[in-house]
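Contents: one structure, followed by commentary.
In what follows, chains carry the letters A, B, and so on, assigned in the order in which the sequence lines appear, proteins first and then strands, with residues in each chain numbered from 1. Only heavy atoms go into these numbers, but all of them, side chains included; no hydrogens, no water, no symmetry mates.
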Amino acid sequence: MKDQLRLAIKAALQQCYADNSLVSGEFLDEIQLEIPKNPDHGDFSTNLALALAKPERKAPRKIAETLIAALQGNPLCDRIEIAGPGFINFRLAATCWYAVLDQITAQGDQYGRSKIGAGTKIQVEFVSANPTGPLHIGHGRGAVVGDAVAAVLQAAGFEVQREYYVNDAGNQILTLGRSILLRLRELQGEAIEFPEDGYQAPYIIDLAVKYRAEQGELVGVSEAEAIESCARFGVAEVLKWIEVDLQSFGIHFDSWYSEKSLYDQGLVDEELIKLKEKGLSFEEDGALWLRTTEFGDDKDRVLIKSDGSYTYFASDVAYHMEKFDRGFNRVIDVWGADHHGYIPRMKAMLAGLGHPPEALEVLLIQMVNLLRDGKPYIMGKRSGNFITLKEVIDEVGRDACRFFFLMRRCDSQLDFDLELAKQQSSDNPVYYVQYAHARVCSINRNAAESGMELLPSDVVDYSRLELPEELALVKQLARFPETVVGAALSYEPHRIIFYLQDLAAQFHSYYNRQRVLVDDPITSRARLALVNSVRTVLANALQLLGLSAPERM
RNA sequence: GCGCCAGUAGCUCAGUUGGAUAGAGCAACGGACUUCUAAUCCGUAGGCCGAGGGUUCGAAUCCUUCCUGGCGCGCCA
């Protein structure tokens with residue numbers, strides 16, 4: 001709809017240049033067309049005349065008049081007028097809008113999907129929590145946002161892969177192994193002293209118990225081998241928990257990528273050699289450094305520590321280069337905001353190795369402040385004082401939990417009060433949206449009972465939809481595809497949430513004001529077609545965000 | 001000290017990337033169930049868009065200086 005109008009305007013502009021009624025020849029790549037807040041200003045509005053005022057050196061309103069003359073007689077438009085300083089407002093013919101209903105009916109669950117992404121390959125890496133303990137609520141936000149960003153990109157025609165990076169190498173894994181081993185010895189009757197820096201949470205004991213049951217007792221192996229064995233066992237077990245939790249949250253990964261495998265394949269050393277060859281790394285104080293300051297970082301960063309072990313950064317270099325080797329045009333990392341200081345070195349590394357820094361997009365998810373009865377709930381893995389994601393989902397419900405995490409822009413902090421979330425579960429906004437869907441389904445049941453079925457759109461008389469609120473609903477439905485595109489290109493899935501709330505509000509209002517099933521069958525059928533288009537769009541949007549669309553509530 | 005994010009109604013937040021009279025939910029107040037599901041609707045009230053300066057036809061939005069809150073600034077992960 002919008003695009004058709006944009007083309008018409010472009011043609012008109014061309015015509016004006018051709019007959020010299022406008023002279024600058026200036027072309028704006030993107031003619032701005034927006035939907036005015038005030039419906040009195042028409043269905044669409046452009047500031048084109050204002051923007052051309054300078055190059056044309058003419059009053060905006062004069063330019064607008066010329067353009068309108070060229071647009072006269074266009075079948076799309078019912079009325080075109082000049083307003084304010086030189087806005088051109090378009091009111092589209094009602095018949096144009098009815099075409100949207102045909103489109104929705106024809107496309108069904110595909111309505112809202114587009115090909116803007118044109119198959120561009122994007123990887124979204126998210127969650128990637130260390131496999132040393134169960135997921136907590138902070139991971140939940142990143143998980144839902146990452147999943148929704150991926151979904152929205154897919155809907156916009158990008159080819160998307162969801163990946164979980166498994167940090168199964170490094171110190172924290174050794175700590176996990178040591179902690180399990182100590183608990184194991186404890187189970188075997190040894191007196192142990194649990195160190196401050198070990199993982200003290202109770203689940204470590206569960207792991208030890210399971211280890212003992214499945215692997216037997218550790219005898220005749222060195223300390224290092226014992227730790228390694230416990231660590232591998234622990235990682236595998238914890239990853240199973242994580243996968244189950246994510247599944248119950250409706251999140252599925254296409255790929256689980258092991259950090260350890262980067263070392264095993266020698267990819268880390270390979271990249272380090274490349275960096276050395278490019279003269280980007282240097283040795284100092286017995287460590288190997290990357291000269292990230294050359295690309296805008298505030299200090300150089302260590303790749304290999306003076307004790308010979310690798311930093312996280314070293315494997316991240318290899319990991320991200322490997323992503324591009326796999327053919328992704330763009331790579332999105334979803335991180336907690338507390339890692340934001342890490343971005344400059346990553347971008348510097350990419351620049352150094354010949355990739356445009358824009359190819360990596362880091363989405364920072366601000367903290368979730370977990371509250372219980374209004375009081376902050378301090379969490380720490382080591383202390384074992386945390387609430388797992390699973391517990392939260394069980395308490396609040398999957399749909400409500402996902403909805404809650406998606407309701408805000410990811411760069412603003414989120415207060416999550418468990419008591420409040422539970423209390424509100426009956427008037428939570430997610431139910432408001434789902435209820436709209438259930439209501440349409442209910443109307444359908446009633447229609448079927450009275451022998452009225454949904455007819456093919458070519459026999460529905462849409463001209464019966466002449467009430468302003470009916471036209472407004474259709475216009476809202478027409479905005480769905482561009483909302484999805486906007487959400488995808490800006491990585492802002494919350495836009496879909498707000499769209500859903502708007503659409504549901506309009507529907508509920510219509511429902512209360514007008515009956516769908518009235519005495520006149522022609523009108524009933526037209527209204528039935530309308531509300532079923534609403535149902536389709538609600539269902540598509542809910543599905544996109546991993547939310548259910550119940551038929552009864 | 002430096003950097004990132006935020007500051008919009010009493011509270012929680014949107015604001016289509018610079019447009020016309022700044023919006024919604026909750027809370028408050030007043031109404032609507034004999035009617036397709038009241039988990040709904042209708043109405044009232046609520047604002048110096050943190051503060052100052054700048055850019056232009058036009059600023060909540062852009063540039064700048066401050067103020068407040070959160071988070072970072074390791075040869076930790």
Centroid separation A/Tyr165 to A/Trp256 less than 6.0 Å: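 No, the ring centres sit 6.0 Å or more apart.
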Please find out if less than 6.0 Å separates the ring center of A/Tyr164 from that of A/Phe126.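 When the ring centroids of A/Tyr164 and A/Phe126 are compared, they turn out to be at least 6.0 Å apart.
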Student check: side-chain heavy atoms of A/Asp333 and A/Leu363 closer than 4.5 Å: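 The answer is no; the side chains never approach within 4.5 Å.
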If you look at every strand shown and take non-hydrogen atoms under 4.0 Å, does [X] touch a base, only sugar-phosphate, or nothing?
| X | answer |
| --- | --- |
| A/Gln514 | base |
| A/Ser45 | base |
| A/Ser450 | nothing |
| A/Ser509 | sugar-phosphate |
| A/His508 | sugar-phosphate |
| A/Asn89 | base |
| A/Asn446 | sugar-phosphate |
| A/Ala436 | nothing |
| A/Ala438 | base |
| A/Asp338 | sugar-phosphate |
| A/Ile343 | nothing |
| A/Asp298 | nothing |
| A/Phe87 | base |

Polar atom pairs (N or O), protein with nucleotides 59-63 of chain B, under 3.5 Å:
none

Specify the residue among A/Met367 and A/Leu33 whose closest nucleotide of RNA chain B lies further upstream toward the 5′ end.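 It is A/Leu33 whose nearest nucleotide is closer to the 5' end.
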Starting from the 5' end of RNA chain B, give me the residue, A/Arg445 or A/Phe498, whose nearest nucleotide shows up first.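 Of the two residues, A/Phe498 wins.
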For RNA chain B, just give me the dot-bracket, please: Watson-Crick or G-U, both distances below 3.5 Å, ( ) intra-strand, [ ] crossing earlier pairs, | paired with another strand, . unpaired. (((((((..((((.....[...)))).(((((.......))))).....(((((..]....))))))))))))....
Could you tell me whether the phosphate oxygens of [N], OP1 or OP2, come under 4.0 Å of any side-chain nitrogen or oxygen in [X]?
| X | N | value |
| --- | --- | --- |
| A/Arg515 | B/C36 | no |
| A/Arg439 | B/A39 | no |
| A/His494 | B/G15 | yes |
| A/Tyr432 | B/C41 | yes |
| A/Asn171 | B/A77 | yes |
| A/Tyr431 | B/A39 | no |
| A/Lys305 | B/G74 | no |

Show each protein N/O and nucleotides 5-10 of chain B N/O combination with a separation under 3.5 Å, one pair to a line.
unit_1	atom_1	unit_2	atom_2	d
B/C5	O2'	A/Gln366	NE2	3.4
B/C5	O2'	A/Asp411	O	2.5
B/A6	OP1	A/Arg409	NH2	3.4

Rounded to the nearest Å, what distance is computed from the CD atom of residue A/Gln501 to the P atom of nucleotide B/C26?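 It works out to 10 Å between those atoms.
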How long is the line joining CD of A/Gln506 and P of B/G25, in whole Å?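 Whole-Å distance recorded here is 13 Å.
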Both conditions, 6.0 Å and 45 degrees, for the charged tip of A/Arg439 above the ring of A/Tyr511: are they met here?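 Yes, cation above the ring, under 6.0 Å and within 45°.
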Testing the basics here: between A/Val334 and A/Gly146, what is the closest heavy-atom pair and its distance to 0.1 Å?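 Closest heavy-atom pair between A/Val334 and A/Gly146: CG2-CA, 4.1 Å.
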